[in-house]
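Shown next, in structure tokens, is the structure this report addresses.
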Amino acid sequence: MITDARPLAPEFVPSDVVHRDAEVNTLSANLRPIIRGEQPNPSLLVGPSGTGKTCIARYTVDKLREEALDVETPYVNCWEDYSPYRTLYRILDELTRAVDIHRTSTPQDELVERLREYDEAPVVVILDEVDQLEDKDLLYDLFRVTGLSMVLIANREEALYGELEDRLQSRLQTASSIRFDPYPTQELVNILTDRARWSLREDAYEESQLRRIAESAAGDARVAIMTLREAARYCRREGLTQLTSTAVDHALPEAKAEIRQKNVERLTEDQQALYEIVQEAGEIRPAALYEAYQNRVDDPKTDRTVRNYLEKMERYNLICARGENRGRTYVDAQTEH
DNA sequence: CCTCCACTGGAAGATCGGGAAG
DNA sequence: CTTCCCGATCTTCCAGTGGAGG
């Protein structure tokens, strides 16, 4: 029943976007100075996950490239490349293919210097999940590179601004921020209809099934599309030719589990042990957690290191830290409501 | 009110691994 | 080969926070 799986992939950018005209237009207008050879102010796309920020950023930047031929548009996901060094490396890698940059032994300052020297074309960097960047000073360096402009993407504006120093804050004042809200159900249905039309056999789905998916996705397009994909896979496994209600029911928890599983796999052995303990306990106090951890692994790290792990796992949305100081407990994000 | 103490998280320094330079 | 230098990771140290209990 699947004719083309690509439109169901998380990173797919459609050649035409729906329901985000205003956002696209604002972002296009922000970037327009590039065509005249001027440097645009940074743009800041803010909103919860699955509201189309990444998609619209990539889409708009691609359009810009069609109009102004020599624009480079490197994309960095700061969740994956969270250290300043890796972010810089990724940008340069996309710009120059980084042939002679070796993973270590090239100091960070030199990477910045190379970015400054790059003058072949104006550069628009998309920094996705920029609130996950652990050292925001890098933004300041990037702001000062002439010929480089930025599209910043963050879940919550406060999370970003809260950590910034004054000099960065004042720089970001000039940024125009574009707010993304969760999709209403009908818009999700339309998005799903497009994806289904591009990727599934025509007679394989009905709008009522897509609507069920849209309703359960709570405004999150990523969850909706992943659910559709899981449902289609389920049908293929079971040899069904039609998207059924059973398939949709199966798909929703599976889509969520898949997102979770991806995050767990990225953890180290120690971190996975911690995650298991929290998962088994449901809710656990710090001292008990550390004690259980010491018993579980052969060569336990110090408690301070464990706190760094927990912070990281919280950013991955695997666990939640509830309360402060003495009242702190760690909760499995899955059972947390 | 005050003191205790479990807990947090910043800062600085040690150590590791890998590539470059000598 | 050794030495040097880098980022990444982990440890050590510690000031700060706020709830519990005198």
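Side chains are part of it too, since the values below use all heavy atoms of this structure and drop only hydrogens, waters and symmetry mates. Below, read A as the first sequence line, B as the second, and so on, with proteins coming before strands; counting in each chain starts at 1.
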Spacing of [X] atom [atom1] relative to [N] atom [atom2], expressed in whole Å:
X      : N      : atom1 : atom2 : answer
A/E324 : B/dC5  : CD    : C1'   : 17 Å
A/R86  : C/dG7  : CZ    : C1'   : 9 Å
A/D270 : C/dA8  : CG    : P     : 19 Å
A/L88  : C/dG7  : CG    : C1'   : 13 Å
A/N325 : C/dG18 : CG    : C1'   : 5 Å
A/R326 : B/dT8  : CZ    : P     : 12 Å
A/I284 : B/dC7  : CD1   : P     : 11 Å
A/L274 : C/dC10 : CG    : P     : 12 Å

Position toward the 5' end of DNA chain C (nearest nucleotide), A/R307 or A/K312: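 On the 5' side of the pair lies A/K312.
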N or O in side chain of A/S83 less than 4.0 angstrom from C/dA8 OP1/OP2: yes
Presence of A/Y309 side-chain N/O under 4.0 Å of B/dG9 phosphate oxygens OP1/OP2: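 Result: no.
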Can you figure out which of [options] approaches the side chain of [X] most closely?
X      : options               : value
A/R328 : C/dA8, C/dT17, B/dG9  : B/dG9
A/Y85  : B/dA6, B/dT8, C/dA8   : C/dA8
A/T302 : C/dG18, C/dG7, C/dT11 : C/dT11
A/A287 : B/dC7, C/dA8, C/dC10  : B/dC7

Sugar-phosphate only, base, or nothing, as touched by A/Y330 at under 4.0 Å among non-hydrogen atoms: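 Counting heavy atoms under 4.0 Å across all strands, the contact made by A/Y330 is with sugar-phosphate only.
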Sugar-phosphate, base or nothing in reach of A/Q108, heavy atoms under 4.0 Å: sugar-phosphate
Parallel, tilted or perpendicular, as decided by the 30° and 60° cut-offs, for the rings of A/Y234 and A/H250: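 Rings of A/H250 and A/Y234: parallel, as their planes differ by under 30°.
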Distance-only donor-acceptor test, A/R304 side-chain atoms vs B/dG9 base atoms, 3.5 Å: yes
Candidate pair A/R266 and A/Q271, rule side chain to side chain donor-acceptor pair (under 3.5 Å), full reasoning: CA-CA 9 Å; A/R266 281 194 277 190; A/Q271 292 161 354; over 6 Å; no
Cation-aromatic face contact A/R307/A/Y309, 6.0 Å, 45 degrees: no
Residue from A/R233, A/R237, A/R229 passing salt bridge (charged side-chain N to carboxylate O under 4.0 Å, His left out) with A/E254: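 Output: one option passes, namely A/R237.
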Side chains of A/L289 and A/L310 in contact at under 4.5 Å (non-hydrogen atoms): yes
